[in-house]
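Note sheet for the following structure.
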Amino acid sequence: MTHKPLSSLCLVTALALVPFASSAQTLRFAAQGDAVTMDPYVVEEVFTSGFLGNVYEGLIRRAPDLSIQPALAESWELLSPTHWRFHLRKDVTFHDGTPFTADDVIYSAERVRAGASDFKNRLAADTEVVAVDDHTVDFITTEPNPILHYTWANWYIMNRDWAEANNIGNADKAAAEESYATLHENGTGPFRVETREPGVKTTLTAYDGWWGKGSVPMNISDVEYTPVPNAATRVAALLSEQLDVVFPISVQDIARIEAAPNAGIKAGPEVRTMYLTMNQWRDTLPGSGLEENPLKDRRVREAIYRAIDIETIHARILRGRATPAALMVAPGVNGYSDTFKRYDYDVERSKELLAEAGYADGFSFTFQCSNNMYVNDEAICLAVSNMLAKVGIDAQANVQAKAQYLEAILAPNMDFGMAMLGTTPASLDSHIALYSLHMCPRADENSAIWAPEDQGQIIAGKSNFGGYCNPEIDRLANEILIETDEDKRNALINEAWTITTEDVAYLPLHQTWAAWGIRDKVDLQIRADNVFDWRYVVMPE
Amino acid sequence: MTPEQRPNLFLRAYDSDAGYKFRRSPLTVLAGLILVLMIGAAMLAPWIAPFDPFDKASIDLFNALIPPAWQSGGDPAFLLGTDDQGRDLFSTILYGTRTSVFVGAISVALAVCAGVTFGLIAGYFGGLVDAVIMRIVDIQMTFPAIMVALLIDGVTRSFMTRDQHSEMAIVVIIIAMALSIWPQVARTVRASTMVEKSREYVLAAQVIGRGSGAILARHILPNVMGPVLVIATINLGVAILGEATLSFLGLGIPAGEPSLGTLIRIGNDFIFSGERWMLIYPGLTLALLVLSVNLLGDWLRDVLDPKLR
Amino acid sequence: MIRFLLERLLQAALLLLVVAFLAFVMFRFAGDPVAQMVSIDTTMEDRTALREALGLNDPLPTQFAQFVMRALHGDFGLSYQLGRPVAALLADRLPASIELSLIAFGLALLVGIPMGVYAGLKPESWLSRAFLIFSLAGISLPTFFIGIMLILIFGVELGAFPTFGRGDTVDLGWWTTGLLTPSGWHSIILPACTLGLFQMTFIMRLVRAEILEVMRSDYIKFARARGISKTRIHYGHALKNTLVPVMTIAGLQLGSIIAFGIVTESVFQWPGIGLLFIQAISTVDIPVMSAYLLLVALIFVSINLLVDLLYFLVDPRLRMSSK
């Protein structure tokens, strides 16, 4: 990668000389898993919706720096706090040639909220969607929502005529018949699916009729996507030049690729925050053999916090490719502030706190971990377990693959003393993190936390499996939701984070870095949310 | 036996056919030595190993990824270097070898007992018994070891609590490996038995009215043991490799309790990053172990197979 | 003969039913498919609804009966993860696995048998010893380790062979083959060597042992005494008599090729049914896993039948006793 500046310069020159569509460049790209389906409403998963973002488009999109950009909507305005108006782009056609109109937005708003759609939270069930004319759509909400469109970058617009002609019903995960939309697409995006063999290979070609042509430096005409789950195989394929772009690269492989003459690395912090959740609601702590639950005691939670040497994890396991975190949201998420500091690593203070709480001799509990969900998750888990052993706490690490792991920690089992997870707020706003991770998981103020009979109805606090509960946070989260004044809203968010940090509600660890392996002379933009936007790929001529 | 008899016995063994063949093959002697050394070291791991990989409080992440002592940056305290958690690799390999040998030996022993018994019965009696046993063998062989392991793993998970299950992980693998090996033994024994039972000496024994049990045990068993030993030997290696493969796929021994397979799986993540000692030394240990077992097996077959005498 | 066949077919059908039951039961315990299909933020209510819709709350016998009825029609349902009919997924992936297995198996036989014959006929020559040591090394190294090393050496360091995938394939309608394109052949070499090595050394050892045994048997001694030429003794008598056990074991080895195919396919990302199965395990895709197991059982039962038949034809002693 030593010649990079020179080659980039050559590229820019070459680009200027070559007309946009005349090149025939194929991008060969591999990641861990395949896009689950071509139906954009079935699964909310970063890779699948990121992949589909090159085929389908939403009313808005996120730029490489994650700022909001107009996409199928040219502009929008707030007529009243509950009344939004979106002006649609006029020169857009779907891949089958049908022009894009307001009716497609209405159809998409219906379908995204129906059946087993994973994107139901993009639009409240009682939000009215009205076509004013062919290229103007109004959204009328019952409550003010200042961040209505923040999560719309992956609410993709589908074509009503195409869907009806092919009998595409609601999103359905348990269907008996294969939906036409599982293998086929009809988006408006820059690429159209040419062939698709799920789990093996998907090929796409640039869509000639794409409205945004020329607005981006993209020069690829074809994309060949192969899922390659094995990390070593991905690296080998990149180094032997069978692939142009591979993701993700394990932190330990970065140096090898950087040293290779024909490939390089692009890495940056992710917007996902890794954290430990501690079980604070069960009366007896799983795996402890105790009659009580020591983790209900704030001092014990702080003791655990202080026993973890995040800097050594950062240096040794993540090799400096991580950002230690003090908050449950990452830089780049609205409401993040660098005024929050981590509790210092201090083994002595940790032991004191444990003694104060009456656990000078320590205790044990079940520590649930995954081994295929996050960067070096298994190694981090074992390291945390070893560190806690030094203050007398026996965190019995149970490392499992994703399916078994999630079964253990999600409701109704919630069988953990501590567990490691990651969180990415879909709206890139603090509210969603407060709402689903910090609000009391109970049906109403009088019922118990995670009461078995109520579990089905819990929406606020639905991911709060540790059962942290502070009524003050519930009040603040509800205020933040409807506060339209930005300064006031941010002050409320800051107040909420101060309380949760003081309570040691969770134990934030870090934001890991995502690393992309890239063949020499290929250029692209990486995004903190790990979405790969092919529009920014420039291949050598 | 009295103490005076011992030297006598040793001399007799030394002078015997087997002893002669053993001495004549330097490779076998070497393999035997290596095997004795490795198994001995593994069994004595708690006393030999400089560190205890099960004592979490003694593991310091600060020591992670130290190369072997003779490389630059190495630390004499860690002979073969450390892994990504800061565990001493030499110690974990000792403990890991212990686990691997244990799993391999027990599962082959179980498989041979079951396979010989059922193979003899099926081959000798034929008919319905044979059909039933061979169908069970077919079912078993339809499921490769990986799937057998998954089956047992799944069933045990559903009946046990999580703590019980991780304690049972080794038992689960042993049963899985034994189940995947015994059909091979049974099939071979059955095939040999079917050939043997039509031989004159068996017919003669039948004529003079010996019971089936006696015929099987005294006459047929010794004559089918040759192939069984070959299969058993190969499968001791296979069982050790099988455990390694299962652990490599993440279905085996939990990461906290090292086996050679688990160590290789972890080491494999570092294949491109330069810390290859984490892959190479557990890998070499595994290969050497299995190679010695196989070499010794070859010799055993030469010596013990009655047909080759 | 016909009775023998019919008996075998009936047994095979029974066997398949048992396998179906085992396959079905085991995967009810292998993890929660619902946990895999949703995100962490999906509400409990949505997850409960999904569980109900998938029929995971029905009693086990009901679920099994439905499973068998549909399986008989070749309908294994839709993959939970990929939303496609499982039968179609398997049909798409099967050619890749069969081609890999056959090439690996052919390689093993083609190299293994001559090596074994040579080592058996000339047990004292240095080449035989070299073969034996080589075979031991082949048996002692785990498949995944060999695969990784081949990738590292021939793929990355030398850049001589592709390290993953099948290369370009040609679609023949119901069969996609990689064996009609140069890149397809190029791609199959490393995985076939990896998969075939163990089988090759295994077959070599087996052939050698059998030849050694046969050469010491009385009828070879008689043949020698009768002055029959060495070549005829070796290839007419000795080799022919070793074929029975070799065929049995080799046939059975096809089963282990399928098993180790899982490992090889996952190391080389070979898009066959083994890779599909591994992915299905990690995503707890029950329909795919059950169908895969049934398919493997079916393949295996067929191989078994075939081996039994050949056995029957080749060994006159067995033919006599069955009459």
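Just so it is clear: chains get the letters A, B, ... in the order the sequence lines come, proteins before strands, and each one is counted from 1.
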Partner chain C: residue of A/S240, A/P229, A/A426 with the largest heavy-atom pair count (under 4.5 Å): A/P229
Residue, of A/A408, A/A236, A/A116, that accumulates the most heavy atom pairs under 4.5 Å with chain C: A/A236
C/R166 bridged to C/E99 by N-O distance under 4.0 Å: yes
Verdict with supporting geometry, A/R122 and A/E44, salt bridge (Lys or Arg N to Asp or Glu O under 4.0 Å): CA-CA 11 Å; A/R122 294 298 186 273; A/E44 175 162 19; 2.8 Å; yes
Pairwise side-chain contact, A/M274 with A/D377, heavy-atom cut-off 4.5 Å (strictly under): no
Sub-4.5 Å side-chain heavy-atom contact between A/D529 and A/V46: no
Which of A/I459, A/D39, A/T37, A/T182 touches chain C most, by non-hydrogen pairs under 4.5 Å: A/T182
Exercise: identify the closest heavy-atom pair between A/N464 and A/W450: O-NE1, 2.9 Å
Between A/L243, A/D172, A/I458, the one whose heavy-atom pairs under 4.5 Å with chain C are most numerous: A/L243
Options A/D34, A/L238, A/V228, A/L239, ranked by heavy-atom pairs under 4.5 Å with chain C, top entry: A/V228
Most chain A-contacting option - heavy-atom pairs closer than 4.5 Å, from C/P162, C/A96, C/G159, C/G155: C/P162
Portion of A/E45 that has a non-hydrogen atom of chain C nearer than 4.5 angstrom: neither
Salt-bridge contact C/R84-A/E197 (side-chain N to carboxylate O under 4.0 Å): no
Region of A/P412 in contact with chain C, defined by heavy-atom distances below 4.5 Å: both
